[in-house]
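Report on the structure given below.
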Amino acid sequence: MMKKKLYVHIGMGKTGTTALQNFFWDNRKALSSLDICYPRLGTMSNAHHLLSPHIPRFLEDEWDFQKVEDWAPKLADCTEGSVLLSSELMAWAEESKARRFCAQVSAWFDVHVVVYLRRQDNIIMASYNQQIKAGPQKRRIDLIYRKQSERFDYLKVLAPWADSLEPGRLIVRPYEREQFHKGDIRRDFMYHVFRQEIEEESFSLKKGNSNPRLSLAAGEYKRMVNTLVTEPKKNDRFNQLLMQFSAEKDQSSTSYFSSQSLLSPAQRREVLDASRHANEVIAKEYFGRPDGRLFYEDEPSGDESWPGIDLSREDAEEITAYIKGQDAKLMRHLASKITAHKDDLAYQIRHSARFLSHSVLSAAQAVPVYRIAREDASPIVIGGLGGSGTRLVVTLLRKMGVHFGGELNESLDNLWFTLLFLRRSLLLKSDDEVEKLCWLFANGMRHGVELSDELRSLLDEASALDRGPVVPFEHLQRARDTLLRSPTHDRRHEHWGWKEPNSHILLPHLDRCFPEMKYVYVVRNGLDMAFSDNQNQLKYFWGELMLDQPFEPGPEAALRYWVASHKRMQGFRKRMGHRLHFLSFDRLCADPEGELEALREFAAIQISKKELSEIADSVRAPATAGRFRSEDLSRFDPADVDFVRHMGFDVD
C-alpha cells in the first residue's frame, strides 16, 4: 500500500510561520478539497507544537508533547492523501532527535520537510525583538549577536534533515518578499510545496501582520523592563501596552518586513560575511544558482547612516507617559522596582533602574546614568607594550586625519587616560565606577561639559595617587587641571581616539564602555622588546598580575611578560572580532605602504593612495631593530622563543 505524503513545515521562526499557520488553520476545508489534511491533533495556537521532536526546557512540564508512535498512526488514517504539519519548534531539534524523528515518521509516511530561511542579519534582529516581547531577553543585542550568528549556520540546521530524507524531499525556500511567488508567503508555500495557485474565492487571505514587532524605542524600553519586572503577568501587560504604543507611533512595526535595524551596518556585514559560505552552498545545491546568491536584498554598505539602538530620554518620557495614561497602577509597580534595584550589583539591572528613573520617578529621585553616547562610542585606541612603536603609529594616524586630543606627553600618551586609569587599584573597582571614569574621560575628549561633584571627587581621588617614577606628580596635576578646563566642543563627525600603551590591560572595561571602539595593538618582536630599556609596565604596574608569580626584572621576565600579554590579547579576538587589529611594527618598517593600507581599512579612513604613499615614505626602521642578534638567547625559555617565532617574528 502506498504511503500518504507528510509535509512537515519546520519554520524557521520569524519567517512568517504564524501567518502560514493561521492561513492553514483558517483554510482547512479548502485544503481538504485539495486532498490535504491540516489536523487538529497536537495543535497549540494553530501550530503542531505538541508533535515536535524538539521540546524546549521551559515547556517540558507545561505542554503535553506526544510521541510519534502515538500520533502517526492516527494521522495515517485520515481521509486525505496528504498531511501537513507546521511547527517552528522542529527546526531546533538536536541532530540525533531530528534524524530519529525522520526515521520514525518514515515508517508511516512519505516524508517531505519544508523550511524557510531568512537572511541571517535580519533573522537575528527579528528573533531578538521576539525574545524582548516574550520577556526572557535582558541583554543588549550588540552583546549577543555574534553568538546568534553561529546559531543561524543554515548548513548545520539543514544537515540532519537533508541526510535523513530521500533526495528532493527537503524543500528550502528563501524568506524574502522579492522571491515569494506573487509576493506573498502563503501563495509561495502553496505553489512551491503543492504546486497549487491560490484562488481567492476558495481561500481566505487575511491582511495584516499576525505577529507585529516592537518599535526600536519600545523594544529598548521593554528590554529594561525585563530586567526589573519578572512577574509574568505584569511583564506581559507591559508588552501589550508597548505593542499598542508601537502600532500608534511607528507604522513599520506592523509590517512583515522591518526597515528598523537593531544592528549597525558594520555588525550586519560581519554577520553576512560569516554566513556567506553556507549561503552560497545552499543557493547552488537547492536552487541551482551558479552565482551562489541565496538572498537578493542589497547588503548594507559602509556609508549608511544608522540611528543606533540607545533609548533617548525624550522617547523614554513619551513611553512612560503613554503607559501611565493606560495603566497607572502598572507604572507604580515599575517605580517600586526601580527604587529597589537602583544600586543592584548586576550591571544590567542597575543601569535599567537608573535610566528609567528619570522618566518614571520624580527629578529629585532620579539617579545619574553614566553611559557613553553612541556618537562617542567608536574611538580608535592604540596600545601595546612600552617601546613597541605606539608613538610612530599615532603619528601616522594623525597624518591620516585622526584627532588625538587631550593632554599629551612627549611620547604622545594621553595623560588624561593615564591619570584616570593607570593604577592597579582600578581592576578592583566596580563596573559602576569604571563607567563613570570612562564617561568623565569621554566628556573631556568630546564635549567639555562641567563635571558633577561626584565626578570631581573621582578625579581628585585619581590625582592624589602617586604614579612615580613612571609619571611625575606634576604631570598628573597638569592633567587634572586641563581635564577640568577642557573646552566645550563637539567632534562627533571626525575620527578620534587616544594612545596609551597600558590600555591593553584595561581592554575588557574599555570594550564594555566604548562598544564600537576599534583597538590597535602594536606588536614588536618579543626578543627585541626583551632588551628594551622601557620595562615600566612589567616593573611598576602589571608584571605580577600577568606573570602570576614573583619575578626579577630583566630580559627573561620581559620576554615572559611579552608572551603573556600577547596570548591574552589573542583571547580577545573572538570577543572583539573586526574591532581588534594586530599591527606588526616590524612589518610596518619593512612594508609601510602595505601595513598602512591595512590600518587605513581597519580604521575606515578615506584618504587617497597618493596621500597614503607619502605618509608611508616617512616610516624608518629604528636603530634598535634586530638588537637581539647581538645578545645571548640561551638565557630564555625555549617555549617563549618558539612563541615569538609562532607570532611570525625572526628569532635567528
Side-chain angles (χ1 to χ4, degrees), residues 132 135-144 217 219-232 234-235 238 309-317 319-321 323-324 328-374 376-377 420-421 423-443 449-462 464-465 506 508-515:
I132 291 292
Q137 187 55 263
K138 301 173 183 179
R139 303 181 68 193
R140 285 169 60 98
I141 191 171
D142 47 12
L143 300 177
I144 64 172
E220 181 62 3
Y221 194 103
K222 179 59 165 47
R223 182 191 68 78
M224 294 185 185
V225 168
N226 289 346
T227 68
L228 300 168
V229 180
T230 56
E231 300 90 329
K234 286 186 171 63
N235 188 283
F238 273 104
I309 60 173
D310 290 331
L311 180 63
S312 69
R313 291 278 174 83
E314 294 75 18
D315 284 341
E317 289 172 358
I319 293 171
T320 295
I323 296 175
K324 188 175 182 179
K329 184 177 180 181
L330 187 66
M331 190 51 65
R332 287 196 296 272
H333 178 74
L334 179 58
S336 69
K337 292 292 185 178
I338 289 171
T339 302
H341 292 291
K342 62 183 176 62
D343 294 316
D344 199 283
L345 291 177
Y347 168 75
Q348 295 286 1
I349 297 174
R350 182 180 70 250
H351 179 267
S352 298
R354 292 187 175 190
F355 184 88
L356 292 177
S357 70
H358 288 266
S359 62
V360 176
L361 306 180
S362 67
Q365 295 174 288
V367 182
V369 178
Y370 296 101
R371 190 186 186 103
I372 304 298
R374 188 181 69 84
D376 300 330
L420 297 173
F421 297 99
R423 40 184 168 143
R424 281 177 290 191
S425 60
L426 188 88
L427 301 179
L428 301 177
K429 292 189 177 296
S430 67
D431 290 348
D432 187 39
E433 191 162 341
V434 173
E435 287 159 21
K436 292 172 184 175
L437 291 170
C438 285
W439 190 95
L440 193 163
F441 176 70
N443 175 64
V449 175
E450 185 176 356
L451 300 182
S452 65
D453 290 341
E454 180 183 23
L455 295 183
R456 279 177 173 266
S457 176
L458 291 177
L459 180 58
D460 290 340
E461 176 193 327
L465 184 63
L506 307 169
H509 304 284
L510 296 176
D511 186 44
R512 180 168 52 78
C513 294
F514 295 90

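We number each residue from 1, following the sequence as shown.
- Atom NZ of K429 sits in a crowded spot, with more than 12 heavy atoms from other residues, nucleotides or ligands closer than 6.0 Å.
- To the nearest 0.5 Å, atom CG of residue D431 and atom NE2 of residue H509 are 7.5 Å apart.
- Among residues two or more places apart in sequence or in another chain, the side-chain hydrogen bond (donor to acceptor under 3.5 Å, both in side chains) test is passed with S457 by none.
- Every side-chain hydrogen bond (donor to acceptor under 3.5 Å, both in side chains) that T320 has, sequence neighbours left out, goes to Y221, S359.
- Of the options V367, L334, I338, a side chain to side chain contact (heavy atoms under 4.5 Å, CB included) to L361 is made by I338 and by none of the others.
- In the model, S430 has no side-chain atom that pairs as donor or acceptor with a side-chain atom of E433 under 3.5 Å.
- Put simply, the side chain of L459 does not reach to within 4.5 Å of the side chain of L437, judged on heavy atoms.
- Between K222 and N235, some side-chain heavy-atom pair lies under the 4.5 Å cut-off.
- Under the 4.5 Å side-chain criterion, counting only non-hydrogen atoms from C-beta, Q365 is not in contact with K342.
- Proximity of Q137 to I144: side-chain heavy atoms (C-beta onward) are separated by under 4.5 Å at one or more points.
- Electrostatic pairing of E435 and R371 does not count as a salt bridge here, judged by no charged N lying under 4.0 Å from a carboxylate O.
- Of the possible polar contacts, one joining the T339 side chain to the A335 backbone as a donor-acceptor pair under 3.5 Å is found.
- Contacts of E317 classified as salt bridge (charged side-chain N to carboxylate O under 4.0 Å, His left out), with partners at least two apart in sequence or in another chain: none.
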Intermediate values then yes/no, side chain to side chain contact (heavy atoms under 4.5 Å, CB included), V225 and R223: CA-CA 5 Å; V225 168; R223 182 191 68 78; over 6 Å; no
Check against side chain to side chain contact (heavy atoms under 4.5 Å, CB included), K234 and K329: CA-CA 10 Å; K234 286 186 171 63; K329 184 177 180 181; over 6 Å; no
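- Both tests hold for R313 against F355: distance to the six-membered ring centre under 6.0 Å, angle to the ring axis within 45°.
- Salt-bridge check for K337 with D344: failed, with every basic side-chain N at 4.0 Å or more from each acidic carboxylate O.
- When all heavy atoms are compared, the tightest approach of C438 to L510 is SG-CD2, 4.3 Å.
- Between atom CG of residue D310 and atom CG of residue D142 there is a gap of 8.0 Å, rounded to the nearest 0.5 Å.
- Partners of F441 under the ring-ring contact (aromatic ring centres under 6.0 Å, His included) rule, at least two apart in sequence or in another chain, are F417, W498.
- Under the side-chain hydrogen bond (donor to acceptor under 3.5 Å, both in side chains) criterion, R350 pairs with no residue, sequence neighbours left out.
- Under the 3.5 Å distance criterion, with hydrogens and angles disregarded, no donor-acceptor pair is assigned to the side chains of Y347 and S352.
- Once rounded to the nearest 0.5 Å, the distance linking CG of N443 with CG of D376 reads 8.5 Å.
- The existence of a salt bridge linking D460 and R456 is excluded, since no basic side-chain nitrogen approaches an acidic carboxylate oxygen closer than 4.0 Å.
- Note that CG of L455 and CD of E450 are 11.0 Å apart. Values are rounded to the nearest 0.5 Å.
- The shortest non-hydrogen separation linking A217 to L311 is O-CD1, 3.6 Å.
- Put simply, the side chain of M224 does not reach to within 4.5 Å of the side chain of R354, judged on heavy atoms.
- We find the CG-CG distance between L458 and D453 to be 11.5 Å, quoted to the nearest 0.5 Å.
- Remark: R424 engages W542 in a side-chain contact (heavy atoms from CB on, under 4.5 Å) (not counting sequence neighbours).
- In this structure, the separation between CG on L427 and CG on L506 is 6.0 Å, given to the nearest 0.5 Å.
- Side-chain atoms of R140 and Q348 include no donor-acceptor pair closer than 3.5 Å.
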